[in-house]
Enquirer: 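The structure's right below; bear with me while I get my questions together.
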Amino acid sequence: MSDRIDQIITILQGIGEKLRGAQHVTVLTGAGVSAESGIPTFRDAQTGLWSRFKADDLATVQGFRRDPVSVWKWYAERRVAALQAQPNAAHRILAEIERRVPAFDLITQNIDGLHQRAGSQNVIEVHGSLARVKCLGHQHMLDHWPEAGEEVPPRCPTCRSKLRPDVVWFGELLPEGAWSRAMRAVKACDVFLSVGTSGIVEPVASLVQKAEEQGATIIINNLEVPISATPQHYYLNGEAGTILPLLLQATWPERSSPV
Ligand code: BJW
């Protein structure tokens, strides 16, 4: 155990140097960054959402058309869980890094709003948000969930078609504005930090390779990668709520941690 921590600390010293000198840091986050806030990931073998629910039924337009009531209720429960959850140390450290580097973007696949609640400013939500709904018919957007009424799901006030959460389901295109911002953020970065994502879901997964190809330093933290380092790549296995505070400390040892 302590060998593992020693190994991580050595790697963090190398990363600290890169991060201190970075001009533009771009972060990509996934479900793992919110796991320590009590929000389940998708692909964890025991607790992941896709080990208990079928993605085809709950995260596709076809699933929604087959059973809109179940899909609406599933997202309504997840929305309440997200509102009740609190940002954890990893969310807070990412907000702190944003304050310490010259330029920063945070691309998130998460729909829970926890980065914004932790104080992050430049957040790019590429898989949508649980805060909003839109209609199936014409994509009319509502920036809030309607009051619960008799009809589930409720209807669009403009065109009366069914409302659905404004999230990106399998087979759907990512929101164009968010995706272009994400691509620009990757092109501009000299350090790319990926936290809590399995890197399985496209097109977001391809962002790491894009960052790599342009020579950015790549840092990956999740519970799957083996701990290792090369001059361009740093792999940190461990909980983000432990690793990111250590990363902040290793990067700016002279400044006391605010979290
Ligand atoms: C910790 C931790 C801790 C745990 N600390 N770490 C090319 C090839 C093959 C397939 C495709 C392709 N292009 C497109 C596809 C199809 C599909 C796809 O990628 N499928 C894959 C499964 C193969 N992609 C799409 O359909 C996308 N659309 C698209 O490409 O449009 C163009 C197109 C259209 C039509 C045809 C073809 C192309 C849309 C993808 C939408 C994904 N939607 C979801 C649901 C969102 C709403 C909701 O929340 O319900 O997004 S699925 C789910 O996966 C969710 C997530 O954002 C996304 C990514 O998951 P994430 O965040 O990485 O979570 P996990 O669980 O996978 O990983 C957690 C990680 O955290 C692990 O590594 C843990 O170790 C780690 N961890 N605790 C640090 N404490």
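First listed ligand is number 1; within each ligand, the first listed atom is number 1. What's counted below: heavy atoms across the whole structure, side chains too, no hydrogens, waters or symmetry copies.
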Enquirer: Kindly indicate whether atom 48 (C) of ligand 1 is approached by any protein heavy atom to under 4.0 angstrom.
Expert: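 Neighbour list for atom 48 (C) of ligand 1 includes protein heavy atoms (cut-off 4.0 Å).
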Enquirer: What are the atoms of ligand 1, with element, lying closer than 4.0 Å to any heavy atom of T41?
Expert: 4 (C), 66 (O)
Enquirer: Heavy atom under 4.0 Å from ligand 1: found in E172's side chain, backbone, both, or neither?
Expert: backbone
Enquirer: Would G238 count as a contact residue for ligand 1, given that I'm defining contact as a non-hydrogen atom of the residue lying under 4.0 Å from a ligand atom?
Expert: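 Within the 4.0 Å threshold, so yes.
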Enquirer: Going by the side chain to side chain contact (heavy atoms under 4.5 Å, CB included) test, name the single residue among L174, V168, V33, V204 that passes it with Q109.
Expert: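 Of L174, V168, V33, V204, side chain to side chain contact (heavy atoms under 4.5 Å, CB included) with Q109 is met by V204 alone.
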Enquirer: For ligand 1, find out whether one of its N or O atoms is nearer than 3.5 Å to an N or O atom of W74.
Expert: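 Such a contact does not occur with ligand 1.
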Enquirer: From the options L223, L173, T242, select the one whose nearest heavy atom is closest to atom 78 (N) of ligand 1.
Expert: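 Heavy atom nearest to atom 78 (N) of ligand 1 belongs to L223.
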Enquirer: Are there protein heavy-atom neighbours of atom 37 (C) of ligand 1 below 4.0 Å?
Expert: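 Protein heavy atom within 4.0 Å of atom 37 (C) of ligand 1: absent.
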Enquirer: Is the NE2 atom of H233 crowded by more than 12 outside heavy atoms at less than 6.0 Å?
Expert: yes
Enquirer: Which one of D166, I200, I39 has a non-hydrogen atom at the shortest distance from atom 22 (C) of ligand 1?
Expert: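 Going through D166, I200, I39 one by one, I200 has the nearest heavy atom to atom 22 (C) of ligand 1.
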Enquirer: Report yes if N221 has an N/O atom closer than 3.5 Å to an N/O atom of ligand 1; otherwise report no.
Expert: no
Enquirer: Are any non-hydrogen protein atoms located under 4.0 Å from atom 59 (C) of ligand 1?
Expert: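 Yes, at least one protein heavy atom sits under 4.0 Å from atom 59 (C) of ligand 1.
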Enquirer: Are more than 12 heavy atoms, taken from residues, nucleotides or ligands other than E176, located less than 6.0 Å from that residue's CD atom?
Expert: no
Enquirer: Yes or no, since that's all I need: does a protein heavy atom fall within a distance strictly under 4.0 Å of atom 10 (C) of ligand 1?
Expert: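 Protein heavy atoms within 4.0 Å of atom 10 (C) of ligand 1 - there are none.
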Enquirer: For atom 52 (S) of ligand 1, find the nearest protein heavy atom and state the residue, atom name and distance (0.1 Å precision).
Expert: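 In this structure, atom 52 (S) of ligand 1 has F170 CZ, 3.4 Å as its nearest protein heavy atom.
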Enquirer: With a cut-off of 4.0 Å, which atoms of ligand 1 are near a heavy atom of A35?
Expert: 78 (N)
Enquirer: Mark up the atoms of ligand 1 that fall under 4.0 Å of a heavy atom belonging to T197, in ascending order.
Expert: 61 (P), 63 (O), 70 (C), 71 (O), 73 (O)
Enquirer: For the CD atom on E17, are there more than 12 heavy atoms of other groups (residues, nucleotides or ligands in this structure) within a distance under 6.0 Å?
Expert: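 No, the 6.0 Å shell around CD holds no more than 12 heavy atoms from other groups.
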Enquirer: Flag A59 as yes when one of its N or O atoms lies below 3.5 Å from any N or O atom of ligand 1, and as no otherwise.
Expert: no
Enquirer: I need the nearest protein heavy-atom contact for atom 67 (O) of ligand 1: residue, atom name and distance, please.
Expert: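 Protein heavy atom at minimum distance: S198 OG, 2.5 Å.
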Enquirer: If you draw a 6.0 Å radius around CZ in R65, do more than 12 non-hydrogen atoms from other residues or ligands fall strictly inside?
Expert: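 Check fails, neighbour count at 12 or below.
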Enquirer: Only heavy atoms of P203, strictly under 4.0 Å: list the atoms of ligand 1 that pass.
Expert: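 Close to P203: 30 (O).
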Enquirer: Would you say F42 and ligand 1 have an N/O pair spaced under 3.5 Å apart?
Expert: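 Between F42 and ligand 1, an N or O pair is found under 3.5 Å apart.
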Enquirer: What residue and heavy atom of the protein are closest to atom 44 (C) of ligand 1, and at what distance?
Expert: V168 O, 3.9 Å
Enquirer: Which is closest to atom 1 (C) of ligand 1 in terms of heavy atoms, G128, G32, A240?
Expert: G32
Enquirer: Do me a favour and list the nearest non-hydrogen protein atom to atom 80 (N) of ligand 1 with residue, atom name and distance?
Expert: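 For atom 80 (N) of ligand 1, the nearest protein heavy atom is E36 OE2, 2.9 Å.
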Enquirer: For ligand 1, which part of H127 has a heavy atom less than 4.0 Å away: the side chain, the backbone, both, or neither?
Expert: side chain
Enquirer: Salt-bridged, E172 to R164, with N to O below 4.0 Å?
Expert: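 Salt bridge present between E172 and R164.
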Enquirer: Considering only heavy atoms, does I111 approach ligand 1 within less than 4.0 Å through its side chain, its backbone, both, or neither?
Expert: side chain
Enquirer: How far is atom 40 (C) of ligand 1 from its nearest protein heavy atom, and which residue and atom name does that atom have?
Expert: V201 CG1, 3.6 Å
Enquirer: Regarding R181 and the six-membered ring of W179, is the cationic atom NZ or CZ under 6.0 Å from the ring centre and inside 45° of its axis?
Expert: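 No, R181 does not lie over the aromatic ring of W179.
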Enquirer: Drop me the distance from C156's SG to L142's CG, to the nearest 0.5 angstrom.
Expert: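 Between atom SG of C156 and atom CG of L142 there are 6.5 Å.
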Enquirer: Output the list of atoms in ligand 1 that are nearer than 4.0 Å to some heavy atom of G30, sorted by atom number.
Expert: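 It comes down to these atoms of ligand 1: 62 (O).
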Enquirer: Considering both backbone and side-chain atoms of G196, is one of its nitrogen or oxygen atoms within less than 3.5 Å of a nitrogen or oxygen in ligand 1?
Expert: yes
Enquirer: Find out whether T197 and T29 are in side-chain contact, i.e. whether some heavy atom of one side chain is under 4.5 Å from a heavy atom of the other.
Expert: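 Side chain of T197 against side chain of T29, heavy atoms only: no contact under 4.5 Å found.
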Enquirer: Counting both backbone and side chain atoms, is some N or O of A31 under 3.5 Å from an N or O of ligand 1?
Expert: yes
Enquirer: Answer yes or no: does an N/O atom from Y75 fall short of 3.5 Å to an N/O atom of ligand 1?
Expert: yes
Enquirer: Report the nearest protein non-hydrogen atom to atom 7 (C) of ligand 1: residue, atom name, distance rounded to 0.1 Å.
Expert: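 Answer for atom 7 (C) of ligand 1: E202 CG, 3.6 Å.
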Enquirer: Does W169 have its ring centroid less than 6.0 Å away from the ring centroid of F64?
Expert: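 Centroid separation for W169 and F64: below 6.0 Å.
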Enquirer: Out of V225, V204, N222, T108, whose heavy atom sits nearest atom 76 (C) of ligand 1?
Expert: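 Closest candidate by heavy-atom distance is N222.
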Enquirer: Return yes when G48 approaches ligand 1 closer than 4.0 angstrom through a heavy atom, no otherwise.
Expert: no
Enquirer: Is there a polar contact, in the sense of an N or O pair closer than 3.5 Å, between W50 and ligand 1?
Expert: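 No, since none of the N or O atoms of W50 sits under 3.5 Å from an N or O of ligand 1.
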Enquirer: Looking at ligand 1, would G171 count as a contact under a 4.0 Å heavy-atom criterion?
Expert: yes
Enquirer: Give me the nearest non-hydrogen protein atom to atom 73 (O) of ligand 1 as residue plus atom name, then the distance to 0.1 Å.
Expert: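 Answer, as residue, atom name and distance: E224 OE1, 2.9 Å.
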Enquirer: Treating Ile, Leu, Val, Met, Phe, Trp and Tyr as nodes and any side-chain heavy-atom pair under 4.5 angstrom as an edge, say whether L12 and Y234 lie in one connected cluster.
Expert: yes
Enquirer: Geometry only, no angles: is D44 polar-contacting ligand 1 at N/O separations under 3.5 Å?
Expert: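 In fact, backbone or side chain, D44 has no N or O that close.
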Enquirer: I want to check a possible cation-pi pair here: R100 against W252, using under 6.0 Å from ring centre and within 45° of the ring axis as the test.
Expert: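 The answer is yes, since R100 meets both limits relative to W252.
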